[in-house]
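When a residue number appears, it is its place in the shown sequence, counting from 1.
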Amino acid sequence: MENRSSFFAGILIGLGSYGFLALGGIPGAIIFAFGLVGVVLSKTNLYTGKAGVMELKDTPALVKIWLFNILACILVGLMVKVIGGEAADRAKTVVDGRLAAGPWRSFLKAVGCGLIIDIAVWLYRSTKSIVPVLFGVPLFILCGFYHSIADVVYLTAAWKAEPAILWYYPAIVLGNYAGCNIRRLVLKDYSPQ
């Protein structure tokens, strides 16, 4: 069941990513929130939703979540590529911009995304309000931050076989992980009142 949960979370994020690619700009950033809202309401396993709450000893389980998330996003990315149109063109533009950012900037942009997603999910779990998710997702997108699961959709739809992907993708996976753990390091056992 855990694998299905992770796969379904990937589908949700993939659909949100597709919505972003289809609309672009602020409307696309807002519609992307469908993915994370779906994840928190269905209580499915998303890498960036779990990285800030799982212990180091749970790393194999987190890796498994990540793998099933990206498998689902590869399928959605292939759908974007096959359907084509503006969404596929936008994916190429997104990927070109990400690869041009270089490893260090990509890592930092992924840290920003991880921090925002972790806080949004943490606040949802603490308050059962989806408002932080509805604002957090457009915030990370409009800031130009990188989400390692969503980026699988963009990379697959753009279908770029460039050596830069070998540093780019690991940099954002690690950056998301680092960002997802900032709140835990700073606040320790704090819960919102």
Side-chain angles (χ1 to χ4, degrees), residues 1-23 25-59 61-70 72-73 76 107-153 172-193:
M1 189 60 177
E2 292 298 312
N3 296 343
R4 290 181 185 185
S5 170
S6 301
F7 189 81
F8 191 70
I11 289 173
L12 290 167
I13 295 301
L15 292 173
S17 303
Y18 196 166
F20 167 70
L21 291 173
L23 293 173
I26 293 173
I30 293 168
I31 205 69
F32 188 113
F34 168 83
L36 192 57
V37 168
V39 167
V40 298
L41 292 179
S42 65
K43 298 179 181 168
T44 52
N45 294 327
L46 180 65
Y47 171 72
T48 51
K50 296 289 186 181
V53 296
M54 294 179 84
E55 299 300 323
L56 201 52
K57 66 180 174 55
D58 298 322
T59 300
L62 184 61
V63 169
K64 200 170 182 185
I65 290 168
W66 169 77
L67 282 172
F68 278 91
N69 288 169
I70 66 171
C73 283
V76 176
F107 175 81
L108 291 176
K109 287 179 174 240
V111 169
C113 175
L115 177 61
I116 291 168
I117 294 299
D118 176 68
I119 291 171
V121 171
W122 174 65
L123 288 172
Y124 168 76
R125 286 182 183 134
S126 301
T127 65
K128 299 302 181 218
S129 170
I130 63 166
V131 172
V133 176
L134 292 173
F135 283 94
V137 172
L139 175 62
F140 92 74
I141 293 172
L142 295 174
C143 288
F145 293 158
Y146 302 166
H147 190 280
S148 59
I149 306 306
D151 273 35
V152 172
V153 174
I172 66 168
V173 170
L174 294 172
N176 280 171
Y177 183 82
C180 285
N181 281 282
I182 291 172
R183 172 199 48 87
R184 180 166 40 177
L185 291 172
V186 172
L187 294 181
K188 302 282 185 210
D189 297 325
Y190 176 79
S191 291
Q193 302 302 320

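Closest approach of Gly136 and Ile116 over heavy atoms only: O-CG2, 3.2 Å. Smallest separation of non-hydrogen atoms from Phe145 and Gly112: CD1-C, 3.4 Å. For Pro138 against Ala29, the heavy-atom pair with the smallest separation is CG-O, 3.6 Å. Between Cys113 and Asn176, the shortest heavy-atom distance links the atoms CB-ND2, 3.9 Å. Nearest heavy-atom pair, Ala178 versus Phe107, reported as atom, atom and distance to 0.1 Å: CB-CZ, 4.2 Å.
A distance below 6.0 Å separates the ring centres of Phe140 and Phe32.
A cation-pi arrangement is absent between Lys50 and Tyr47, since the terminal nitrogen or guanidinium carbon is not both under 6.0 Å from the aromatic centre and inside a 45° cone about the axis.
Note: Lys128 NZ to Leu41 CG = 10.0 Å, rounded to the nearest 0.5 Å. Atoms CD1 and CZ, on Ile130 and Phe135 in that order, are 10.5 Å from each other to the nearest 0.5 Å. In this structure, Tyr146 OH and Leu108 CG are separated by 10.5 Å, a value rounded to the nearest 0.5 Å. Distance check, rounded to the nearest 0.5 Å: CD1 of Ile30 to CG of Leu23 gives 9.5 Å. In this structure, CG on Asp58 lies 9.0 Å from CD1 on Ile65, to the nearest 0.5 angstrom. Remark: Leu36 CG to Ile117 CD1 distance equals 5.0 Å, nearest 0.5 Å.
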Name the atoms and distances for all side-chain donor-acceptor pairs under 3.5 Å in residues 2-14, with sequence neighbours left out.
residue : atom : partner : partner atom : Å
Glu2    : OE1  : Asn45   : ND2          : 2.7
Ser5    : OG   : Asn45   : N            : 2.9
Ser6    : OG   : Glu2    : O            : 3.1

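A donor-acceptor pair is defined here as one N or O able to donate and one able to accept, closer than 3.5 Å; such a pair exists between the side chain of Asn181 and the backbone of Ala51. Using a distance-only test at 3.5 Å, with no hydrogens or angles considered, a donor-acceptor pair links the side chain of Arg184 to the main chain of Met54.
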Hey, mind stepping through Leu21 and Val153 against side chain to side chain contact (heavy atoms under 4.5 Å, CB included) and telling me if it holds?
CA-CA 10 Å; Leu21 291 173; Val153 174; 4.3 Å; yes

Run the side chain to side chain contact (heavy atoms under 4.5 Å, CB included) check on Ile182 and Val111 step by step: do they pass?
CA-CA 9 Å; Ile182 291 172; Val111 169; 3.8 Å; yes

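Applying the 6.0 Å contact sphere to NZ of Lys43 captures no more than 12 heavy atoms from other residues, nucleotides or ligands. The number of heavy-atom neighbours closer than 6.0 Å to CG of Leu185, taken from other residues, nucleotides and ligands shown, is above 12. Residue Leu67 qualifies as enclosed at atom CG: its count of foreign heavy atoms under 6.0 Å is above 12. Within a 6.0 Å radius of CD1 in Ile31, other residues, nucleotides and ligands contribute 12 heavy atoms or fewer.
Annotation: side chain of Val37 is not in contact with side chain of Tyr124 (no heavy-atom distance under 4.5 Å).
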